[in-house]
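The next block holds one structure in the form of structure tokens; read it before the comments.
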There are 2 protein chains.
Amino acid sequence: MTSSGLNIITTLRQMILTGELQAGERLAEIPIAERLHVSRTPIRIAFRALEQEGLLTKLPRRGYEVRSVSAIDIEGAIEVRGVLEGLAARQAAENGLSQQQVDEMKMLLTTGDLLFADAVFTEADVESYHHMNQRFHQLIIEAAKNPAIQAALTRNAHMPFASVNALAIDKNNMQQEAKRFAFAHQQHHHVFHAISAQQGARAEGIMREHAHATLGFDRNYHKLEQRGALTIFSQPL
Amino acid sequence: MTSSGLNIITTLRQMILTGELQAGERLAEIPIAERLHVSRTPIRIAFRALEQEGLLTKLPRRGYEVRSVSAIDIEGAIEVRGVLEGLAARQAAENGLSQQQVDEMKMLLTTGDLLFADAVFTEADVESYHHMNQRFHQLIIEAAKNPAIQAALTRNAHMPFASVNALAIDKNNMQQEAKRFAFAHQQHHHVFHAISAQQGARAEGIMREHAHATLGFDRNYHKLEQRGALTIFSQPL
DNA sequence: CTTCCTTAAATTGGATCCAATAATCAACTT
DNA sequence: AAGTTGATTATTGGATCCAATTTAAGGAAG
């Protein structure tokens, strides 16, 4: 009885995203199969799926390796997410929000506001913000009613985040980071306002810019990464 | 010795795209395996891959089915492609084209021009245009130097085209169709001009609009489809 | 000491076998 | 006659086996 209640693809994806399997690490079927106490069959399927997701790169006759991405790759993926979520925001504005969606968004925005009401911003707050933020973005994508957006995003979502692991924050400088988060959250308010007012073009523009808030703020995240103090969201702020 | 020189995923993808496997058709592993003279293993891998590509939908305990998409899905996917290729055009403009890329694009544009120089526009011309067009778009994506764009597009490329098969043209009305193609080709010229002039925003705008040329021109393609006179490109015009 | 050739190990790809589970159909009971 | 229950079938998921191929290593010869 293997311990995993969930399927192998999910397990492996988590192992990559959490950094348990490091970027550049070479993966062969048999060792991984033994490590997860399953046979090669599900591993083979998982490797191919993860390759399509962009988390693994196939090496001709040497298995797969965890994809490592450059800063350029990350910036490129952020641009892509920007235009996709921008499109989502515009279509959401065009479609209009349901009352239920409006209510939930207001609730999420208030939740975020409260995080910045306190004087201090802790790592626990980052976690809370992350959950709130994730749901907020998901709501807009749902409101766009365009399944192709979600499809394109899933392909991209994890892509840039295989090499680094977790939140794009400098844990040693939380005061500074709090300002970044607060700014990003202001953009949430503006996006919500634009969508509510059916201002599609404006909503799109804000959302595109908002994508850069993920980590484009200052470009020194490479240094942070090397210091091990960096963590990167697999979802935009 | 299996006959297929190419891999199973490609084979199945072609069968779906050409309509040999029809939209809504239910696919079980064993029958398909026998039909392609391979074992279940490669079929299982292929089904999952094709599911991720968006060509197949999984049915809980009943196998897979060829995804059928609605007109709304198609329009949504066109919007997505619009923003992605728009981004590509903008980044291409920002990066600038190499001399080699300029030369090839000019060559492609000339090739297209010649197709419309004749009085008549034949189905063979459509085929020629298709090849030229595909290369033109690919060149812009390459020039963008953003691998995330290509990744997001592959996920989307086939999505809307599982239900219909081939070219988005009304074969019974080639004169009219020729005008559509000619217009789309003019947009190619404009995009090329904007990119060459490093006008990123303009290049992006034209490209976004150009996506609609794929079939958004007149919205009666549903009727055409029902008449069996419709065919849809798996690449934009 | 270096280089080339031969051989063994590693590794993937495909085929088949076995188990688990859900769907379908038929029979039996009320 | 209809509904329910049980059995059979269909179908997927995982494990193991076999073949093909490539890489790596080691030994022999120059």
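Each chain gets a letter, A, B and so on, in the order the sequences are listed, and its residues count up from 1.
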Under 3.5 Å: donor-acceptor pair, side chain of A:Arg26, backbone of A:Arg62: yes
Base versus backbone protein contacts along nucleotides 5-11 of chain D [heavy-atom cut-off under 4.0 Å; B, S, -]: ------B
To the nearest Å, how far apart are B:Arg40 CZ and D:dT16 P? 16 Å
For A:Asn95 and A:Gln91, indicate whether the former's side chain and the latter's backbone hold a donor-acceptor pair under 3.5 Å. yes
Check: B:Ala88 main-chain N/O paired with B:Asn146 side-chain donor or acceptor under 3.5 Å: no
Protein-nucleotide distance (A:Lys58, atom NZ; C:dT11, atom P), rounded to Å: 15 Å
B:Arg13 and its salt bridge (charged side-chain N to carboxylate O under 4.0 Å, His left out) partner, picked from B:Glu53, B:Glu20, B:Glu51: B:Glu53
To the nearest Å, how far apart are B:Tyr64 OH and D:dT12 P? 8 Å
Between C:dT12 atom P and B:Ile8 atom CD1, what is the distance in whole Å? 20 Å
Out of C:dG13, C:dA15, D:dG13, minimum distance to the side chain of B:Thr41 belongs to C:dA15
List the steps, then state whether salt bridge (Lys or Arg N to Asp or Glu O under 4.0 Å) holds for A:Arg40 with A:Glu29. CA-CA 6 Å; A:Arg40 277 180 52 216; A:Glu29 291 177 3; 2.8 Å; yes
From CD1 of A:Ile45 across to P of C:dG14 the rounded distance in Å is 12 Å
Any salt bridge (Lys or Arg N to Asp or Glu O under 4.0 Å) pairs touching residues 97-108 of chain A, not counting sequence neighbours? A:Glu104-A:Arg135
Rounded to the nearest angstrom, tell me the gap between atom CG in A:Asn7 and atom P in D:dT12. 17 Å
Spacing of A:Ile43 atom CD1 relative to D:dG13 atom P, expressed in whole Å: 15 Å
Anything under 30° is parallel, anything over 60° is perpendicular, the rest tilted; go ahead and classify A:His210 against A:His137. parallel
Can you see if the side chain of B:Ser39 gets near the phosphate of C:dA15 - specifically, an N or O under 4.0 Å from OP1 or OP2? yes
Tell me if the side-chain of A:Arg44 makes a donor-acceptor pair with the base of D:dG14, cut-off 3.5 Å, by modelled atom types. no
d(CG, B:Leu59; P, D:dG13) in whole Å: 12 Å
